[in-house]
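The sequence lines fix the lettering, A, B, ..., with proteins before strands; numbering per chain opens at 1.
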Amino acid sequence: MSIASASPPHVGTGPAGRFGPFGGRYVPETLVPALEDLERGWGRAWGDRGFRQELESLLRTYVGRPTPLHRLRNLGTGKDGLARIYLKREDLCHTGSHKLNNALGQALLARALGRNRIIAETGAGQHGVASATAAALLGMPCRVYMGTEDMARQELNVVRMRLLGAEVRAVDSGSRTLKDATNEAIREWMTTYRDTHYLIGSAVGPHPYPTLVRTLQSVIGTEARAQILEAEGRLPDGVVACVGGGSNAIGFFAGFLDDPEVALVGVEAGGVGEELGAHAASLVRGRPGVLHGAYSYLLQDEDGQIAPTHSLAAGLDYPGVGPEHAFLRTSGRARYVAVSDEAARGAFLTLSRREGIIPALESAHAVAYALEWARELGPEGLLVVCLSGRGDKDVNALPQEGT
Amino acid sequence: MDPIPSPPFSGPPVTPSGPGSLRAGSSGEDPKPADAPFGPALLAQAFDRARRENRAALVVYLAAGDPTLAATVELARAAVEAGADVLELGIPFSDPLADGPVIQAAYSRALEGGTTVEGALGCAEEVVRATGAPVVLMTALNCVLARGTEAFCRRASQAGAAGILVPDLPVEEARELQEAAARHSLGTVFLAAPDSGPQRTALAAAASTGFLYLLRRRGITGAGGKGEELASRVAEVRRLTQVPVAVGFGIATPQDAAEVAQVADGVIVGSALVEAAHRAFIRSEKPEEGLRKAAAAVGDAVAALAGAVREARRRP
């Protein structure tokens with residue numbers, strides 16, 4: 001299951017970085033030459049044996065891949081009426097989430113392109129920490145843009161980024177969350193792209209980013225498919241992952257896209273209600289439009305203004321979603337659902353207390369849906385959940401009483 | 001499952017056949033006198049007049065609805081009276097990628113004040129009526145998509161707009177916009193950036209029927225930052241197109257404007273004026289007084305810029 005042998009499926013990718021009608025490169029002209037340059041550089045790097053070997057070696061010894069596939073011991077035992085549930089343990093990656101798979105690959109790409117500085121955006125801080133880590137490893141300066149609301153609710157990660165030598169640049173515009181951090185990173189990159197790589201953290205943004213990030217994250221799905229076959233001798237009935245921008249989900253789904261018998265389910269942030277502003281479920285409740293350079297599903301008002309969003313999980317609190325997910329939704333290959341803050345909080349506690357695993361609040365959304373689905377499937381069913389990150393950063397987000 | 005939507009604006013740009021194509025798209029449904037210039041012709045007229053006077057045209061940018069839509073009309077009037085040849089009216093967007101802090105803040109104020117896209121288009125109509133100047137609408141792609149390209153262009157044309165600029169729509173995706181703009185007699189404006197190679201610059205030049213917007217430097221809108229050698233770049237771009245070449249981004253002072261005016265057909269100034277208006281406005285307790293002062297500030301600043309542009313080519 002080496003990454004070098006993994007040929008990520010390019011389902012739906014058209015010539016101009018399109019997934020069906022979605023994707024594209026809707027950016028101001030200033031950035032187009034930078035993106036063309038990145039696309040060429042990425043093609044060269046990914047085709048280069050030395051590049052792939054260095055990445056593979058670091059994924060093994062630095063990130064800790066392959067990550068384990070772990071069967072829950074106390075839930076889905078057969079006696080509780082639930083399907084068997086496996087977790088793909090991306091929370092055990094170095095830095096505590098799947099984000100380092102992508103950050104490391106892109107940092108190596110930056111070096112190959114001769115860019116000696118990294119900028120990144122972050123929501124929950126997991127991508128910021130991963131970028132700061134990769135930059136430290138490769139000896140590059142790193143600046144991370146982060147909304148002030150997210151800095152307050154994910155303070156631990158702010159401290160970690162600073163400890164890793166990164167500059168955390170507070171973003172106080174708009175909703176002060178991931179969307180605004182992304183705006184600021186793109187705006188900076190319009191000035192600095194000649195010596196700086198914009199290390200985008202999710203499978204969003206203008207071409208080639210969605211393809212690039214999906215390719216780097218597809219190691220999750222490639223490993224998981226081989227591991228579940230080894231453990232169970234068959235493919236799962238379904239795989240479940242949380243979706244903000246959608247990088248862990250698209251990388252996880254990539255391993256199963258060509259297995260039509262495996263249902264793919266992406267879980268969005270249902271927040272506290274169905275009205276605009278109360279959730280971050282772009283695929284479930286949004287409609288197509290252009291944000292951050294790609295045509296995809298968005299939460300927006302009638303005028304096309306981007307709507308405010310809400311989620312307990314900072315990493316899901318984003319009004320857009322990767323364009324390949326938009327394609328998988330409209331093609332019917334994947335299904336997307338929304339899970340409320342409350343249900344995610346419940347799963348966070350359940351997994352912590354029943355299994356001894358504290359999940360990130362983002363990943364807890366996927367766990368919540370999987371537990372529900374496992375009951376419908378019954379003991380004969382088999383599910384794999386991508387546990388995209390660990391929850392140390394989230395211990396303060398819980399209500400104090402009774403917990 | 002939803003039907004799969006078609007991609008926005010796919011396909012290569014249309015290359016106009018020549019100057020004669022400027023009015024070829026006239027739909028006849030717009031309520032304008034048949035002999036009055038409109039659309040790209042109105043822009044061409046403004047640039048021609050400046051050329052006859054041996055100067056660059058002054059293009060002034062304002063954000064619709066900052067601080068109110070009615071105020072924008074007054075600011076536009078002050079700008080044109082002080083010597084602006086062309087107005088660029090920004091439709092507020094929640095997440096403008098190409099804009100610096102000044103215009104972002106102006107858009108936030110406008111949106112907080114309740115400005116809608118329809119309100120901004122109505123404002124354009126008022127501005128055209130009040131000033132007679134050609135108005136180019138600048139809008140984020142998502143606002144065009146939300147209404148539909150055809151409907152957006154139809155309404156913009158009804159409002160009397162002369163042209164449309166969608167900064168986050170790259171030229172190779174622009175066919176749908178170009179066709180709709182042509183149907184409704186709107187001039188198109190595309191951007192050429194410092195690192196756009198000859199091929200992309202040629203595409204942008206060929207696709208622009210209003211004027212070509214040449215970026216003075218990398219980065220976002222607002223003061224500061226040094227551009228690279230301009231004269232040779234303008235000359236290079238001029239060889240590619242017959243439409244005027246206007247230069248913007250980072251032009252704030254009369255000195256900046258004069259420097260650009262020596263070599264370009266148009267000088268575009270935005271953030272500096274938006275900021276001047278805002279500062280004057282917030283310094284006053286009463287909105288009416290604030291508006292008067294803001295209009296005076298814009299008038300003074302535009303007069304200084306227009307003077308600099310007028311003198312630019314008379315220097316030895």
For Phe93(B), what residues pass the ring-ring contact (aromatic ring centres under 6.0 Å, His included) criterion, not counting sequence neighbours?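 Scan of Phe93(B) (ring-ring contact (aromatic ring centres under 6.0 Å, His included), adjacent residues dropped) gives none.
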
Which answer fits [X], side chain, backbone, both or neither, if we ask what part of it has an atom under 4.5 Å from a heavy atom of chain B?
| X | answer |
| --- | --- |
| Glu302(A) | backbone |
| Arg335(A) | neither |
| Leu298(A) | side chain |
| Ile306(A) | both |
| Asp37(A) | neither |

Counting heavy-atom pairs under 4.5 Å with chain A, which one of [options] comes out on top?
| options | value |
| --- | --- |
| Val166(B), Leu191(B), Asn142(B), Ile220(B) | Asn142(B) |
| Ala146(B), Pro96(B), Gly219(B) | Gly219(B) |
| Ala98(B), Cys143(B), Ala193(B), Ser94(B) | Ser94(B) |

Where is the tightest heavy-atom contact between [X] and [Y], given as atom of each residue plus distance?
| X | Y | result |
| --- | --- | --- |
| Arg187(A) | Asp95(B) | NH2-C, 4.2 Å |
| Val32(A) | Pro170(B) | CG2-CB, 4.4 Å |
| Leu97(B) | Asn183(A) | CD2-OD1, 3.6 Å |
| Arg218(B) | Met190(A) | CB-O, 3.4 Å |

[X] atom [atom1], over 12 foreign heavy atoms within 6.0 Å:
| X | atom1 | answer |
| --- | --- | --- |
| Gln199(B) | CD | no |
| Arg279(B) | CZ | no |
| Glu274(A) | CD | no |

Working to the nearest 0.5 Å, report the span between [atom1] of [X] and [atom2] of [Y].
| X | Y | atom1 | atom2 | result |
| --- | --- | --- | --- | --- |
| Thr191(A) | Arg217(B) | OG1 | CZ | 6.5 Å |
| Leu291(A) | Asp168(B) | CG | CG | 9.5 Å |
| Asp195(B) | Tyr193(A) | CG | OH | 3.0 Å |

Using a strict cut-off of less than 4.0 Å between a Lys/Arg side-chain nitrogen and an Asp/Glu carboxylate oxygen, indicate whether Arg25(A) and Glu172(B) qualify as a salt bridge.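 Salt bridge absent between Arg25(A) and Glu172(B).
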
Which atoms of Ala204(B) approach chain A - backbone, side chain, both or neither, heavy atom under 4.5 Å: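 For Ala204(B), there is no contact with chain A at all, as no heavy atom is under 4.5 Å.
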
Sort out for me which residue in Pro194(B), Pro167(B), Ser196(B) forms a side chain to side chain contact (heavy atoms under 4.5 Å, CB included) with Glu29(A).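 Of Pro194(B), Pro167(B), Ser196(B), side chain to side chain contact (heavy atoms under 4.5 Å, CB included) with Glu29(A) is met by Ser196(B) alone.
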
Among residues 101-117 of chain B, which residues come closer than 4.5 Å to chain A, judged by heavy atom distances?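 Within residues 101-117 of chain B, the residues under 4.5 Å from chain A are Gln104(B), Leu111(B), Thr116(B), Val117(B).
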
